[in-house]
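This report refers to the structure that appears directly beneath it.
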Amino acid sequence: MRWQSEKIWIELIPGSRKGSNFVWAFILFFSSLELLLVGTSSYLRINLIFFFPQGIIMTFYGISGLFISLYLWSILFWDVGGGYDLFDKNSGVLCIFRWVFPGRNRRIVLRFLINDIRSIRIMVKEGFYTRRILYMDIRGQKAIALTRTNEILTQVEIEKIAAELASFLCVPIEVF
């Protein structure tokens with residue numbers, strides 16, 4: 001999602017809170033809960049669920065699935081990877097903000113001068129799994145990715161985003 005005015009450009013980054021992650025978290029939680037019930041019913045010799053009892057293996061799969069599900073729900077709750085990119089021509093500052101795992105450094109904030117931005121790069125890797133990633137080349141720094149690596153964009157979409165951003169920042173576009 002993007003908000004843009006004449007002097008300010010804000011790009012919201014969704015992070016881990018995507019619909020597919022919620023669907024997989026629900027599926028994983030309920031299937032591992034079912035496996036745990038199957039293992040428990042086998043141990044207690046009571047048919048809690050209409051399944052063939054399988055014993056300790058089902059219990060192991062159920063417990064490990066619950067731990068993986070807990071991890072996935074934690075990532076969704078903390079919105080790991082979410083944040084925003086702020087380009088402010090008024091103050092001449094670029095701010096990249098991301099949430100990461102809780103702890104001492106929960107927030108990642110990178111600030112650069114807009115005048116230090118040399119170009120917008122489009123990196124295209126063709127093959128079985130074609131990836132198109134938008135980078136920003138900053139003087140004295142490594143290139144910073146502006147799109148997520150797992151985000152699948154068409155050639156037209158990435159070129160449109162790159163052209164709008166390069167026009168806003170008054171920098172050239174490079175294609176690699």
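The structure displayed is predicted, hence computed values, not measured ones.
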Using side-chain heavy atoms (C-beta onward) and a distance below 4.5 Å, is [X] in contact with [Y]?
X	Y	answer
W73	L76	yes
F29	I27	no
Y84	E11	no
S32	I68	no
N105	V100	no
R118	V171	no
L169	F87	yes
L94	L113	no

Atom pair [atom1]/[atom2] of [X] and [Y] - distance to nearest 0.5 Å:
X	Y	atom1	atom2	result
L134	E159	CG	CD	11.0 Å
R121	E174	CZ	CD	5.0 Å
R139	N115	CZ	CG	8.0 Å
I161	L146	CD1	CG	10.0 Å
R132	Q155	CZ	CD	5.0 Å
I120	S167	CD1	OG	11.0 Å

Q. Going by the angle between their ring planes, with limits at 30° and 60°, are F97 and W99 parallel, tilted or perpendicular?
A. perpendicular
Q: Evaluate side-chain contact (heavy atoms from CB on, under 4.5 Å) for Q141 paired with F112, printing each intermediate quantity in order.
A: CA-CA 10 Å; Q141 301 286 329; F112 303 101; 3.8 Å; yes
Can a donor-acceptor pair be found, under 3.5 Å and without considering hydrogens, that links the side chain of [X] to the backbone of [Y]?
X	Y	value
S16	I75	yes
R111	C95	no
S64	F60	yes
K89	F168	yes
R17	F77	yes

Mind checking whether [X] and [Y] sit in one hydrophobic cluster, side chains of I, L, V, M, F, W, Y counted as touching below 4.5 Å?
X	Y	result
L28	W78	no
F26	L36	yes
I173	I114	yes
L12	I8	yes
V109	I10	yes

(Q) Taking the basic N atoms (NZ, or NE/NH1/NH2) and the acidic carboxylate oxygens, is any pair closer than 4.0 Å for R98 and D85? (A) yes
So which atom in [X] and which in [Y] form the shortest heavy-atom distance, rounded to 0.1 Å?
X	Y	result
S69	A25	OG-O, 3.8 Å
I133	A145	CG2-CB, 4.3 Å
I122	A162	CD1-CB, 3.7 Å

Q: Take L37 and E34, measure what side-chain contact (heavy atoms from CB on, under 4.5 Å) needs, and give me the verdict at the end.
A: CA-CA 5 Å; L37 282 174; E34 182 178 4; 5.6 Å; no
(Q) More than 12 heavy atoms of other residues, nucleotides or ligands under 6.0 Å from CZ of F22: yes or no? (A) yes
